[in-house]
Undergrad: 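Let me begin by handing over the structure; questions about it come next.
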Amino acid sequence: MFDFQLYTPTHVVFGRNAEARVGELVKAQDAKKVLIHYGSGSVVRSGLLDRVRDALYVAGIAYTELGGVVPNPRLSLVYKGIELAKAEGVDFILAVGGGSVIDSAKAIAFGLAEEGDVWDLYEHTRSAKACLPIGVVLTLAATGSEMSMGSVITKEEGWEKRAYDDDLCRPRFAIMNPELTMTLPAYQTACGCVDIMMHTMERYFTSGGNMEITDSIAEALLRTVIKSAKVLVEKPMDYDARAEIMWAGSLAHNGLTGCGNNGGDFSSHMLEHEMGGLYDVAHGAGLAAIWGSWARYVYKDCLHRFRRFAVNVMGVAANGTDEQIALQGIEATEAFFRSIHMPTSFAELGIQPTEAEMQDMAKKCSAAAGGCQGSAKVLYEADMLAIYQMAAAL
Ligand code: NZQ
Ligand code: ZN
């Protein structure tokens, strides 16, 4: 068991009609001028943006707006947001949307708080010393960005998708009404479920010490997401299933499921970020497409964890060798992904990288990781390439 810190400063307001409290929550932050940041139109179509505007107006809070965030959010819009917010004297950013909108808001907030190019943070050539406060009205349960220390931005030049982690950008509040996720296409709902599972599994498949309470929380979270995801395939308007998934998304990535382990193994995410940068695939679908290949490549180095996962999460019978049980757990996970219409190979994801492109992704992935990455198994550039090749060969 490892020592740990858990820092979760986000005020969560969860439940039906929770967004009605946005004016009051922004006011409590002493904000004078808010930048409402949103995506490519879903919050306009659902009427949520109007409700947020009204709530700010009633609370007497001035605001300006910037929409247009796309999945795999772009650096160019972050720069635009920084310029706009400077010109308008913005002192608080309100993200209304999914992970991409929240991450773009975080990047703008970093860029406003300090001089210098905000991309430096994502290249890890410096650390932030300050960040403007952020609030969130969440519309997609997936990334956990509403409580997390992370943000992921894509630079169009070279299509580099990079993450920056810093406690400074953890949102001040997160408004979570599960009903707001009911307008999601089934594909995005399923992508979100995979992402939530992956944030939990990447903290679970680690070598070294672990903590029983953390393992048990992680296993319960994973079983709940699997059960609720299956419900939503049949009944997308099921409030309770939406709520279970929404709360699981926050708990999966706010640090709770990593307490007592050695920091996690985020290889699947790092491998996916290169795919998202190059092919602009949905994050959760990219994770589902690469995970099985990663798991088969590493499981022998982390056999006891894969065996435990197979039995406690996927319900595999504890008969046979540890290796057989572990492999059945991987197969059951892939079968679950397919059951919610998620891909388990590059072909199913709809991408066909050439050998040269896979070499390029592996090179960039290892460079972004500082040479190597992983805890279940430490991966170098050659290992990353081998995993991409496995996913391409399926
Ligand atoms: O742009 P709009 O029109 O809002 O449409 C979005 C977008 O097309 C749509 N959508 C969102 N809420 C909706 C809705 N459509 C209908 N009804 C609603 N209620 O869904 C599409 C995807 O949205 P996006 O925000 O891109 O999805 P997600 O929340 O999965 O975010 C993915 C991004 O977050 C990063 C990913 O890499 C990716 O760039 N991540 C951020 C993390 C973090 N900050 O901690 C951790 C994650 O591991 C992840 O890497
Ligand atoms: Zn993720």
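From a predicted model like this one, the values you see are computed outputs, not experimental measurements. Atoms within each ligand, like the ligands themselves, are counted from 1 in listed order.
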Undergrad: Among all protein heavy atoms, pick out the one at the shortest distance from atom 30 (O) of ligand 1; state its residue, atom name and that distance to 0.1 Å.
TA: A142 CB, 3.7 Å

Undergrad: Who's closest to atom 42 (C) of ligand 1 heavy-atom-wise, of T143, L49, V96, V194?
TA: T143

Undergrad: Does a salt bridge link R16 with E179, judged by any charged N lying under 4.0 Å from a carboxylate O?
TA: yes

Undergrad: May I ask whether G41 has any heavy atom positioned less than 4.0 angstrom from an atom of ligand 1?
TA: yes

Undergrad: Counting each atom of ligand 1 from 1 as listed, which ones have a heavy atom of P73 under 4.0 Å away?
TA: 39 (O)

Undergrad: For atom 28 (P) of ligand 1, which candidate among P71, S145, G99 holds the nearest heavy atom?
TA: G99

Undergrad: Could you label the plane-to-plane angle of the W119 and Y122 rings as parallel, tilted or perpendicular, counting under 30° as parallel and over 60° as perpendicular?
TA: parallel

Undergrad: Give the residue and atom name of whichever protein heavy atom lies nearest to atom 47 (C) of ligand 1, and the separation in Å to one decimal.
TA: H199 NE2, 3.3 Å

Undergrad: Throw together a table of side-chain donor-acceptor distances under 3.5 angstrom for residues 68-75, partners on residues two or more places apart or in other chains.
TA:
| from | atom 1 | to | atom 2 | distance (Å) |
| --- | --- | --- | --- | --- |
| N72 | OD1 | K161 | NZ | 2.7 |
| N72 | ND2 | D280 | OD1 | 2.8 |
| N72 | ND2 | V281 | O | 3.3 |
| R74 | NH1 | P71 | O | 3.2 |
| R74 | NH1 | N72 | O | 2.5 |
| R74 | NH2 | D280 | OD2 | 3.3 |

Undergrad: Could you tell me whether the side chains of T154 and E160 share a donor-acceptor contact shorter than 3.5 Å?
TA: no

Undergrad: With the threshold set at under 4.0 angstrom, would you say D103 reaches ligand 1 through any of its heavy atoms?
TA: yes

Undergrad: Going by an N to O cut-off under 4.0 Å, is there a salt bridge joining R308 and E219?
TA: yes

Undergrad: Would you name the heavy atoms of T344 and R338 that are closest together and state the gap between them?
TA: OG1-NE, 3.4 Å

Undergrad: What protein N/O/S atoms are found closer than 2.8 Å to the Zn ion (ligand 2)?
TA: D195 OD1, H199 NE2, H269 NE2, H283 NE2

Undergrad: List ligand 1 atoms under 4.0 Å from G98, heavy atoms only on the residue side.
TA: 25 (O), 29 (O)

Undergrad: Are any of the N or O atoms of V43 closer than 3.5 Å to those of ligand 1?
TA: no

Undergrad: Quick check on contacts: which atoms of ligand 1 are under 4.0 angstrom from a heavy atom of H269?
TA: 47 (C), 48 (O), 50 (O)

Undergrad: Please find the pair of heavy atoms, one from I102 and one from S145, that lie closest to each other, and give the distance.
TA: CG2-OG, 3.3 Å

Undergrad: Which atoms from ligand 1 have a heavy atom of S148 less than 4.0 Å away?
TA: 43 (C), 44 (N), 45 (O)

Undergrad: Taking 4.0 angstrom as the limit and counting only heavy atoms of V69, give me the atoms of ligand 1 inside it, by number and element.
TA: 1 (O)

Undergrad: Considering only non-hydrogen protein atoms, determine which one is nearest to atom 10 (N) of ligand 1 and report residue, atom name and distance to 0.1 Å.
TA: L184 CD2, 3.7 Å

Undergrad: For ligand 1, is there an atom lying under 4.0 Å from some heavy atom of H273?
TA: yes

Undergrad: Could you tell me whether E244 and R223 make a salt bridge, using a distance below 4.0 angstrom between a side-chain N and a carboxylate O?
TA: no

Undergrad: Do any N/O atoms on K161 end up under 3.5 angstrom from N/O atoms on ligand 1?
TA: yes

Undergrad: Does K33 come within less than 4.0 Å of D91, counting only side-chain N to carboxylate O?
TA: no

Undergrad: Nearest protein heavy-atom contact for atom 15 (N) of ligand 1: which residue, which atom, what distance?
TA: S42 CB, 3.6 Å

Undergrad: Can a salt bridge be assigned to the pair D240 and K235 using a cut-off of 4.0 Å between side-chain N and carboxylate O?
TA: no

Undergrad: If you measure from the Lys or Arg side-chain nitrogens to the Asp or Glu carboxylate oxygens, is any gap between D50 and R53 under 4.0 Å?
TA: yes

Undergrad: Do T189 and R242 have side-chain atoms, one donor and one acceptor, less than 3.5 Å apart?
TA: yes

Undergrad: Please report the shortest heavy-atom distance between R307 and A318, naming the atom on each side.
TA: NH2-CB, 3.7 Å

Undergrad: Can you check atom 13 (C) of ligand 1: any protein non-hydrogen atom closer than 4.0 Å?
TA: yes

Undergrad: Mind checking whether M182 has a heavy atom under 4.0 Å from ligand 1?
TA: no

Undergrad: What protein heavy atom sits nearest atom 26 (O) of ligand 1, and how far away is it?
TA: S100 OG, 2.5 Å

Undergrad: Among all protein heavy atoms in this structure, tell me which lies nearest to atom 36 (C) of ligand 1, with the distance rounded to 0.1 Å.
TA: H283 CG, 3.6 Å

Undergrad: Looking only at non-hydrogen atoms, find the nearest pair between E146 and T10 and report the distance.
TA: O-CG2, 3.6 Å

Undergrad: Out of T189, V281, T183, D280, whose heavy atom sits nearest atom 18 (C) of ligand 1?
TA: T183

Undergrad: Is S151 near ligand 1, meaning one of its heavy atoms is under 4.0 Å from it?
TA: yes

Undergrad: For ligand 1, which atoms, with element, lie under 4.0 Å from some heavy atom of H253?
TA: 45 (O), 46 (C)

Undergrad: Between D167 and R170, does any side-chain N to carboxylate O distance fall below 4.0 Å?
TA: yes

Undergrad: Taking E24 first and then K27, would you say they form a salt bridge - that is, a charged N and a carboxylate O separated by under 4.0 Å?
TA: no

Undergrad: Only heavy atoms of G39, strictly under 4.0 Å: list the atoms of ligand 1 that pass.
TA: 1 (O)

Undergrad: Below 3.5 Å, N or O to N or O, backbone or side chain included: is there any such pair between L180 and ligand 1?
TA: yes

Undergrad: Between Y388 and E274, do the side chains contain a donor N or O and an acceptor N or O under 3.5 Å apart?
TA: no

Undergrad: Please say whether more than 12 non-hydrogen atoms of neighbouring residues, nucleotides or ligands are located less than 6.0 Å from CD in Q5.
TA: no

Undergrad: For the residue pair Y299 and F205, is the inter-centroid distance of their aromatic rings smaller than 6.0 Å?
TA: no

Undergrad: Which residue holds the protein heavy atom closest to atom 2 (P) of ligand 1, what is that atom called, and what is the gap in Å?
TA: S40 N, 3.4 Å

Undergrad: Suppose I only count heavy atoms of L140 and a 4.0 Å limit; which atoms of ligand 1 are within that range?
TA: 11 (C), 12 (N), 20 (O), 22 (C), 23 (O), 24 (P), 27 (O), 28 (P), 29 (O)

